[in-house]
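What you are looking at is a predicted structure, and each value in this text was computed from that prediction instead of being measured. Quick note: residue numbers are just sequence positions, from 1.
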Amino acid sequence: MMLECSELSNQTPSDFPFFFTEDGHLCHRDTMKPYKFLFKLNDVHGTVREHLTLCRCITQHACSILEKKLKLVKVHLDKRNQADSYSLGFVYMSPGALNHHGTLMVLIQDKGTVRCGVWSWRAVMHEGLDRGSQIPYVRWALEESCAVLLMNPNEGGLSPEEHVRLVWERLVSKSAAECITVVAHGYGGLAFVHLLCHQLEEISQRVWAVALIDSSHSLWHQPLGAAGRDWLKAHSRTWILSTKPTNRRVGSLKAGCRMMSAGTQCHETAPAVCMEAVFRFFAKVMRPKAVPAAFGIITRSRSFRRSNLSREAGGTDGRNSNAS
């Protein structure tokens with residue numbers, strides 16, 4: 001039984017005996033032992049409460065770093081109309097993200113209890129923030145002078161597909177970015193392909209590259225169409241769970257774009273393991289293509305043709321020249 005974090009108070013209980021160390025690991029305040037989640041068969045409600053407390057603790061700490069250290073701004077999504085009785089949630093953006101003329105990187109996480117800034121609370125719990133949160137992606141992007149936008153598809157009254165489409169229409173599509181890149185994990189990939197089905201023309205003009213990490217999308221069950229499939233094949237890479245080294249080309253029954261090994265068989269840590277490969281892919285796609293020189297290499301046929309033209313212009317050929 002899994003409940004949404006928002007079903008209880010957003011405040012972590014003061015008696016929660018764990019905290020995050022400087023290197024981003026969750027440890028006990030007294031013993032300094034790593035956190036270990038225990039499922040109690042005889043106390044299901046107690047287990048659920050601990051899960052929710054853990055989820056809140058991780059989310060609050062990740063958001064604190066995003067806001068205080070990385071200076072991201074929380075942007076609330078206004079209700080679409082007065083009839084909406086529920087909140088539409090919020091997203092995080094770097095300051096001035098929508099006015100940034102360079103690259104805008106958009107992150108979309110998996111479906112479930114994860115919140116903005118987190119790929120997987122399980123990965124954070126077991127291996128720390130660097131392995132389970134979106135913080136390393138944000139840091140890397142900001143260091144490369146990119147703007148960032150973190151979607152939040154599991155909070156608010158919308159489905160992940162509706163959230164992604166709403167954020168695209170209200171925010172991303174109105175940005176001044178010259179190029180947009182997308183990183184989508186798990187169900188986030190399905191939500192992006194759902195958006196692509198409805199906004200193909202606009203996305204094909206704005207988005208330069210898409211990284212799909214152990215994505216749940218399906219080209220057989222989502223009505224993308226031939227043009228959409230061709231665009232996805234040309235502009236995306238999919239990293240799938242595999243025992244092969246990271247970024248090694250792998251075969252798969254799943255068609256649509258180049259398939260690469262994520263370098264792990266763990267869904268929760270896949271974004272962290274293949275992060276460097278994702279940014280190398282983005283850099284390759286956005287690298288300016290070499291412009292051919294005005295005067296290229298003179299081939300033998302071009303040289304022969306130029307020689308003939310010169311002789312014709314002079315009104316002589318080789319034999320006449322020797323005779324003189």
Practice item. Decide yes or no for R206 and W168: does some side-chain heavy atom of the first lie under 4.5 Å from some side-chain heavy atom of the second? Key: yes
Check your understanding: Within the distance-only criterion (no hydrogens, no angle test), does the side chain of H163 pair as donor or acceptor with the backbone N or O of N152 below 3.5 angstrom?
Key -> yes
**Study point:** Stepwise side chain to side chain contact (heavy atoms under 4.5 Å, CB included) test for R248 and S242
**Key:** CA-CA 9 Å; R248 183 73 58 83; S242 171; over 6 Å; no
Check your understanding: Does any non-hydrogen side-chain atom of H126 lie less than 4.5 Å from one of T269?
Key -> no
Check your understanding: Once the angle between the rings of W231 and F192 is folded into 0 to 90°, is it parallel (under 30°), tilted (30 to 60°) or perpendicular (over 60°)?
Key -> tilted
Check your understanding: Can you list the residues that meet the side-chain hydrogen bond (donor to acceptor under 3.5 Å, both in side chains) rule with E67, with sequence neighbours excluded?
Key -> Y92
Exercise for review: Identify the two heavy atoms, one from L88 and one from L77, that lie closest to each other, and give their separation to 0.1 Å.
Suggested key: O-CD1, 3.4 Å
Practice item. Mark yes or no for whether E155, through its side chain, and C116, through its backbone, hold a donor-acceptor pair below 3.5 Å. Key: no
Point to revise | Plane angle bin for F279 and F282 - parallel if under 30°, tilted between 30 and 60°, otherwise perpendicular | key: perpendicular
**Study point:** Flag, side chain of E144 to backbone of W140, donor-acceptor distance under 3.5 Å
**Key:** no
**Study point:** Among H61, H28, H25, the one residue meeting ring-ring contact (aromatic ring centres under 6.0 Å, His included) with F18
**Key:** H28
Practice item. List the steps and the verdict of side chain to side chain contact (heavy atoms under 4.5 Å, CB included) for N154 and Q109. Key: CA-CA 9 Å; N154 299 315; Q109 68 265 64; 4.1 Å; yes
Review point. Taking the side chain from H100 and the backbone from G96, do they hold a donor-acceptor pair closer than 3.5 Å?
Key: no
Review point. R115 side chain to A62 main-chain N or O, any donor-acceptor pair under 3.5 Å?
Key: no
Point to revise | Pair V114-W121, side chain to side chain contact (heavy atoms under 4.5 Å, CB included): steps then yes or no | key: CA-CA 6 Å; V114 286; W121 64 266; 4.3 Å; yes
Exercise for review: Nearest 0.5 Å please: distance from the CG atom of D230 over to the NE2 atom of H235.
Suggested key: 11.0 Å
Check your understanding: Is there a side-chain contact between V273 and R131 (heavy atoms, below 4.5 Å)?
Key -> yes
Review point. Yes or no on side chain to side chain contact (heavy atoms under 4.5 Å, CB included) for L196 and V207, after CA distance, side-chain angles and deciding distance?
Key: CA-CA 10 Å; L196 188 60; V207 177; over 6 Å; no
**Study point:** Minimum side-chain heavy-atom gap L107-V148 below 4.5 Å
**Key:** no
Exercise for review: Output, in order, the C-alpha distance, side-chain angles, deciding distance and verdict of salt bridge (charged side-chain N to carboxylate O under 4.0 Å, His left out) for E276 and R280.
Suggested key: CA-CA 6 Å; E276 186 175 343; R280 284 205 306 267; 3.3 Å; yes
Review point. How about T181 and V278: do any of their side-chain heavy atoms sit closer than 4.5 Å?
Key: no
Exercise for review: With the side chain counted from C-beta on, respond yes when V183 and P271 share a heavy-atom pair under 4.5 Å apart, and no when they do not.
Suggested key: no
Review point. Counting N and O atoms only, with roles assigned by atom type, does the side chain of K69 sit under 3.5 Å from a partner on the main chain of L66, one being a donor and the other an acceptor?
Key: no
Point to revise | Check ion pair E161-R165 (N to O, under 4.0 angstrom) | key: no
Exercise for review: Quick one: sort the H185 and H267 rings into parallel, tilted or perpendicular, breaks at 30° and 60°.
Suggested key: parallel
Revision key, fill the gap. Output for pair (N247 CG, S261 OG), nearest 0.5 Å, gives 8.0 Å
Review point. Can you check whether L26 reaches V124 side chain to side chain, under 4.5 Å on heavy atoms?
Key: no
Check your understanding: Does the S64 side chain pair with the main chain of Q60, one donor and one acceptor, at a distance under 3.5 Å?
Key -> no
Practice item. Answer yes or no: is there a side-chain heavy-atom contact under 4.5 Å between R170 and D78? Key: yes
Study note, to complete from the structure: For A270 and L241 the tightest heavy-atom approach is CB-CD2, 4.1 Å
